[in-house]
Undergrad: 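Quick one: the structure is below, and I'll ask about it shortly.
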Number of protein chains: 8
Amino acid sequence: MTSAELHQLLAAVRGGTVDPDDATARIVALLREAPYQDLGFARVDTHRELRQGFPEVILGLGKTPPQIAAIAERIVSSGQALLVTRATADAFAAVQAVVPGAEYHEVAKIISFQQGELPQGRGTVLIVCAGTSDLPIAEESAVTASLMGNCVDRLYDVGVAGLHRLLSEQARLYSARVIVVVAGMEGALPSVVAGLVEVPVIAVPTSIGYGASFGGITALLGMLNSCANGIAVVNIDNGFGAGAMASLINHL
Amino acid sequence: MTSAELHQLLAAVRGGTVDPDDATARIVALLREAPYQDLGFARVDTHRELRQGFPEVILGLGKTPPQIAAIAERIVSSGQALLVTRATADAFAAVQAVVPGAEYHEVAKIISFQQGELPQGRGTVLIVCAGTSDLPIAEESAVTASLMGNCVDRLYDVGVAGLHRLLSEQARLYSARVIVVVAGMEGALPSVVAGLVEVPVIAVPTSIGYGASFGGITALLGMLNSCANGIAVVNIDNGFGAGAMASLINHL
Amino acid sequence: MTSAELHQLLAAVRGGTVDPDDATARIVALLREAPYQDLGFARVDTHRELRQGFPEVILGLGKTPPQIAAIAERIVSSGQALLVTRATADAFAAVQAVVPGAEYHEVAKIISFQQGELPQGRGTVLIVCAGTSDLPIAEESAVTASLMGNCVDRLYDVGVAGLHRLLSEQARLYSARVIVVVAGMEGALPSVVAGLVEVPVIAVPTSIGYGASFGGITALLGMLNSCANGIAVVNIDNGFGAGAMASLINHL
Amino acid sequence: MTSAELHQLLAAVRGGTVDPDDATARIVALLREAPYQDLGFARVDTHRELRQGFPEVILGLGKTPPQIAAIAERIVSSGQALLVTRATADAFAAVQAVVPGAEYHEVAKIISFQQGELPQGRGTVLIVCAGTSDLPIAEESAVTASLMGNCVDRLYDVGVAGLHRLLSEQARLYSARVIVVVAGMEGALPSVVAGLVEVPVIAVPTSIGYGASFGGITALLGMLNSCANGIAVVNIDNGFGAGAMASLINHL
Amino acid sequence: MTSAELHQLLAAVRGGTVDPDDATARIVALLREAPYQDLGFARVDTHRELRQGFPEVILGLGKTPPQIAAIAERIVSSGQALLVTRATADAFAAVQAVVPGAEYHEVAKIISFQQGELPQGRGTVLIVCAGTSDLPIAEESAVTASLMGNCVDRLYDVGVAGLHRLLSEQARLYSARVIVVVAGMEGALPSVVAGLVEVPVIAVPTSIGYGASFGGITALLGMLNSCANGIAVVNIDNGFGAGAMASLINHL
Amino acid sequence: MTSAELHQLLAAVRGGTVDPDDATARIVALLREAPYQDLGFARVDTHRELRQGFPEVILGLGKTPPQIAAIAERIVSSGQALLVTRATADAFAAVQAVVPGAEYHEVAKIISFQQGELPQGRGTVLIVCAGTSDLPIAEESAVTASLMGNCVDRLYDVGVAGLHRLLSEQARLYSARVIVVVAGMEGALPSVVAGLVEVPVIAVPTSIGYGASFGGITALLGMLNSCANGIAVVNIDNGFGAGAMASLINHL
Amino acid sequence: MTSAELHQLLAAVRGGTVDPDDATARIVALLREAPYQDLGFARVDTHRELRQGFPEVILGLGKTPPQIAAIAERIVSSGQALLVTRATADAFAAVQAVVPGAEYHEVAKIISFQQGELPQGRGTVLIVCAGTSDLPIAEESAVTASLMGNCVDRLYDVGVAGLHRLLSEQARLYSARVIVVVAGMEGALPSVVAGLVEVPVIAVPTSIGYGASFGGITALLGMLNSCANGIAVVNIDNGFGAGAMASLINHL
Amino acid sequence: MTSAELHQLLAAVRGGTVDPDDATARIVALLREAPYQDLGFARVDTHRELRQGFPEVILGLGKTPPQIAAIAERIVSSGQALLVTRATADAFAAVQAVVPGAEYHEVAKIISFQQGELPQGRGTVLIVCAGTSDLPIAEESAVTASLMGNCVDRLYDVGVAGLHRLLSEQARLYSARVIVVVAGMEGALPSVVAGLVEVPVIAVPTSIGYGASFGGITALLGMLNSCANGIAVVNIDNGFGAGAMASLINHL
């Protein structure tokens, strides 16, 4: 049972179309299920959507395609939406075999299957990225936020070395409720963006760069040390985490 | 002119008690002022409250008491609220000489002077900290959020080595709209808190610890790598940044 | 001669079924052998089981299959049990050619061949891991402890982002004599486990994660800085070391 | 109530000298007390001795003398033994004012006050250190283990550059049930010790050294990478943690 | 003899007011002097002005005041200009005793004594800094460039979190021939400046910041990874080096 | 329109061969074009040559061949010169399909297509490298500087371990207006070169080396800490950046 | 001309079998040759054997097989011995084509061709290594020292975890004039060896290990911080450097 | 008994002036003494001079003055020479009280007391340093080598930024048998020196520098990665270790 269904049930009770005893019975049945299903190699958290507003998300990295498919099957069969990040094409093939309607977002490396009804966030989540090479991570954020029920806008390739590209799009900056800023190399873009707006900025350092970019450490450190207010940072290349955080804020 | 005063002026125009021409004149005068005042060693951003909802905050670190006092004087005389972080007792003495009503929050190392009227955030900002040694940073967050117009709750010394201390306070976790979690050493508390709630968690690593805690790097890395969703991280010991971010989210 | 055989021999002497002179002769012969066998590229420590309770273990990493096979052959032909860690399928093929009864534990990447009789540990060694991706290292620990003569229990995928998965298994935590906790990413699980039990916890950081997990450094640092007591740490991905340490403690 | 008192009470019930109703009343009263006492800046865990076999230990580092004294007073007044690590002379003065019988172990920087009756460990805990400069950390381990109820032996200044100093004391190595090895600089001593014995070795890197010793990182890394089995490592300079871990193992 | 004097001498020869033989004699005498003077603890390079256009500069750091004074005395007595960086007030007192006309630039921590005649650079060297705390390093650059014969302009406290402060001064950016940009924390300012101009930018990271700014490493890395062209970087806090490099370029 | 064409137009106006009205019309048309072209995944900065003296350069790293080709096509069709760095053979094939006249500099990994007329630099840019393995980066610098309109000289394999190789080429050092020094391993060559000349030295650390060279960090740090004046440093392996910086200086 | 040939020539002059004029002519001819040969991508130092006692050695890493072959050809054709380190099989094939008599030492990855007559070192160079995986680096040292004219002894797989393996070979330790000790992981072996002998020990850290061995950094740091005297360290995996240093010392 | 005395005794036996029985008795008495004296906090190695050619040296760092004095007293009273490094003035005062003839080398921070007769090294040990600030470490090397029985030459302030200072002293470089090169900052001097000579070079990185010199790490890394042969490196600021290594080589 998803939270939407639970809400529907209780509304029906209030509306008089469902008998309180029947509702009680269904809720008790729900509580009787273990809050997770033990697959041996994984414990699938089937109640997370009830507790935290979105079902458990599978981090594809480090899991074999059969493991991913087995977990995905459990999530979908319990009536919940599916979201797998860092998913390879092989993982998608394995998932598709058990969840025929699953979709693959290739640039974002995300597998999704939508069911149930998600509450929509109140404003727009804007995804900004500094360069063309940051696209995969920006898309991971954008697709995540979109699947979690948010209106998403994209503003790409507006790095600080050519400020006019960003300044000419200030209107879109001002119309967002939360902004995710994705940048590699020196990671200066979040500071500049946060200095222009008064909404929260989630900064995502990427591993794009070479030499002393150290796989994203430079961008990460730059963002942590931002002289602007209203910035918080997620892990290097963690587009998913930023998208999920933005969604959480946008749903407040 | 603060944003509250601007709002009041425009309301008066709509209400008919102020003539549009007079209002126009006052707004033009406002635009005529430079958007900052140049002190030679500093450019005080006197329009920030209008642009970003809170006046410029002074980072005391690395500035001399006379420099801090001079900037503080400009902010206060332009009718804005004052907030100085990382302020020593010496800095406070210098500020007090020019802003007699200023207050000093000793544990938080913050100097403040309130004037104007701030919009209040919608819910409660909860400040959680792992150990007694993390208090100064937790207080920096709490005082910041409070001065920025938020209802603040404090839950201290609930580190993960004694989980029952945290679990017995779940009600307070659930009643917050945004949570700031402050922890040093291994920095595991944000992961545990974020796994229990469905609101955004701002994680603040502290430099508390010794040996391989490396002045907070361990806590910072732990928080960035959290396996829980809904966490974003600020710089080591950046209690101010977390409080300001939480305030921004709470005012959405 | 293994230590069990030595013990048997001395028991037989006391029981009168073996003549002291014969026993003396056999022990002298044992002392006459060099304490190791020199293969040129390796010195096989054939007396280690007598000195330290378990024969020399081969770290497969960085050795060629023929080198591994040659060392394995010496260990087995001296009547001792065989344990090769970090063994590839190629290494197993090479070993099997000279030790036909050898087994390959695929997930754990361990080759084993059991002979002689090992003393059993007194309690249960519990292997706990945070996520599905930590399985190979957790299995390295579990198989090692099992082959070294311990009753092993496994509790997998109980990371701190979903505390209820761990809390619902507290009975198994309490029934262990030593606990090995395997975790990547922020490595917070050992702190939480050690806060719940009063037995020694051996923490194993894994290289699972991405970005600022730095191949396990974050998990390692988190574990070293644990605010809980009763934790000691082994190298990143050193499932074998943790299993062997747990076995040593369980045999005290 | 300490665990020894609880045990006495239950023995008296079995022996018939205490009425089950009275005992029940006393245990219920115990359960009624919160499991910790909230001092605002700290939550003193007054039930830890019941849960984990030793009362809460105070890490002095980062706490003010008044804070330490306040926590100490609560622990002692709840009938438990007191142990404060990293305690300055000032902290001791503050504690002595509220716990007159407290003792100060100067080299180890530990404040203690013994009451109640601790179960004794089964064998000897041997503390080995590499050089004279490592003494404070070695003593922190030794005093901790001793206060936690263990027979402690000390073997100091036996670093690997003069192996004969260690080899001439092998008898003491062989007679220990657990060994704590404390070393700075290259941290090689635990490898050598663990290669000689078949009991668990807890390795403590110290910050002793200069240049590329990096405040103990070199010793820490050396110990984590030991080629010997049966070693686990604690944080740099964490003499307390090693002593507590050794005590835990010695009490199994 | 300075290069200006040498030039004068040769001009006089051409002009016929000095006899070639006399000139030859003086140049031979110059070549007879060792190209440096050995003070035992230092070799003063008295010909550097002839070879590289500016006399040897003394790095005060790590030298005792008497050592600095002794070297200063040699430089001045050989007719050259004096420049000591990282000079304490004590060092200045010692120098003043032997070079009475020496000046102390307190914020820049520079001791100078001008003599001889320096060629002037062709354009303006602009020193830009991000925040008030960066002033000492910015002044080290400005004073250095000024003493080396450049017209210097200063643009301070124009960090990227308030872009309008920088954008409103674009005219000064465009009128410089070389720009030195000084910034701590995330070090993003050079990228933004270099994106606006078409002259070389010398970037100076400062140690200003806290937590993950790591004493300037973050700013340094950010500058090295700049996505803008036309930037080169000097050591952390090396205001002198940047000023000297800018002067070199401005004298081309 | 390139800056050369703009210059030509204005000269024609002054010369009377173009009517001011026509010129105005053409300039207005230019301003009407957006200053960049939005390809969705990239914003091509088509006015950069006008603003900064050289068209936008494409960093091939992290972009797919089709992305590179699409951007290249826009740059070339707007009448500007093309320069792609870090370009693979695949990228060249894709570019060649849309820009038939493009050239591939194989050692330098640069794709170029020349059109328009570039102003020539005033002196010679000398590219010095320490060893044969540094060639690809040295060539990236040399080809970049050459394409940007500079006379380029090359001095290769003159590392400091055989000083006579460098000292015998001093004449070429002295005849350069700017010097780029490329070195891996300990990166000592820029210090030695800068000690011999009085022109600016741009130092490029390379990732050449092994063990503790850490992919160029050692060379980078060595260059940043140079005891010689007149050195500034670019990112590891950033031959392009050094060549562009040298060109900028040479065009002053 | 090699130094041996030069020595022979001068002996012949003293012996009267060669006329001083002829000898003079030959030496002048030698001085007339440039001290290196410029191949464009490399400057071959053909006089190094005369200056430093051994011809230039080619580091194969980062050079293409044709480059290696071209340099090798010049060295051999100038009558000198050839030594190429880090040479792949491909490089050997290329060299063999131009230097038919060249040999390939496969484990050591060294190509050699001997000609001329090298002076022999006075004692034995002993190469000690800790484990089987360190063999390639140990062999690089051994083959280098051997080709440079030293009597070489090998003592392999004697790591500190099994001290008896080393202690049983003390006689070989005592009979060496210089000792090279090769070890990965914690790198403790040089400390133990240097504590036993009174000859210089050259320590070579290897990249053998995993997890927190960080590609040899741990071993490197351990060796630099050795508490024993008489140790100096070379780069990670620099078996060649250690062999050459040992040879230099052995030839004193 | 020192080795010189032992040698004298045996010579006397051969010469017939001492009876073999008496000599035997004295040697047996020597062997009866423990090879070290246990002071509780230290084990003084009184036989080291017999085993390794020089008595045990005391590293003053991290030891209290009374501890140093107690160890010094034992060494001197056993007839051996005394050498204490990193000794403060306080430590000297404490030593002087028990060893009245002790000397203090202030710049080198060494306490010494000479007795017995040391064998002299065969050639000259040359100590070279790059800058005035490196003096204390250079002197630690020089004084150490001198006290260990070597003829020492000093060549100071000859850093690579002014090559002519070094090149003008080549004669002194060529006349040394071993060279110690001390340098901070980029640490390039050993590469240049080793390229000029054919004797072993011991490189000592110093912590002199600022910013990205990281307390000597940059110099250390530079020296480890030297492109010249015949260099080995000791710990940062380890002037003693280099002096002792040089002495060992010079005594071969």
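We use all heavy atoms of the structure for the numbers below, so side chains are in, but hydrogens, waters and symmetry mates are not. By convention in this document, chain letters (A, B, ...) are assigned in the order of the sequence lines, proteins followed by strands, and residues within each chain are numbered from 1.
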Undergrad: Can you see which heavy atom on E:Ala188 is nearest to which on A:Ala188, and at what distance?
TA: CB-CB, 3.3 Å
Undergrad: Between E:Ala219, E:Ser213, E:Gly209, which shows the greatest number of heavy-atom pairs under 4.5 Å with chain A?
TA: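 Most heavy-atom pairs within the cutoff with chain A belong to E:Ser213.
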Undergrad: Any chance CD of A:Glu106 has more than 12 other-residue heavy atoms, nucleotides or ligands included, within less than 6.0 Å?
TA: no
Undergrad: Below 4.5 Å from any heavy atom of chain E, which atoms of A:Tyr210 appear? Answer side chain, backbone, both or neither.
TA: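 Just the backbone, heavy atoms under 4.5 Å.
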Undergrad: Using non-hydrogen atoms and a 4.5 Å limit, figure out which bit of A:Ala212 sits close to chain E: side chain, backbone, both or neither.
TA: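 The answer is both parts of A:Ala212.
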Undergrad: For A:Leu167, which atoms come within 4.5 Å of any heavy atom of chain E: side chain, backbone, both, or neither?
TA: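 Just the side chain, heavy atoms under 4.5 Å.
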Undergrad: For A:Cys227, does its backbone N or O pair with a side-chain atom of E:Glu186 as donor and acceptor, under 3.5 Å?
TA: yes
Undergrad: Are A:Thr218 and E:Thr218 side-chain neighbours, meaning at least one heavy-atom pair lies under 4.5 Å?
TA: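 Counting from C-beta outward, A:Thr218 and E:Thr218 never come under 4.5 Å.
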Undergrad: What distance separates E:Leu224 CG from A:Phe214 CZ, expressed to the nearest 0.5 Å?
TA: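 With rounding to 0.5 Å, CG (E:Leu224) is 8.5 Å from CZ (A:Phe214).
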Undergrad: Nearest 0.5 Å, what's the CG-CG distance between E:Leu163 and A:Leu196?
TA: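 If I round to the nearest 0.5 Å, the distance is 5.5 Å.
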Undergrad: Quick one: pull up CD1 in E:Ile208 and CG in A:Asn225 and give me the separation to the nearest 0.5 Å.
TA: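 It is 12.0 Å, given to the nearest 0.5 Å.
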Undergrad: Between A:Gly131, A:Gly187, A:Ser226, A:Gly159, who has the most heavy-atom pairs with chain E when the cutoff is under 4.5 Å?
TA: A:Ser226
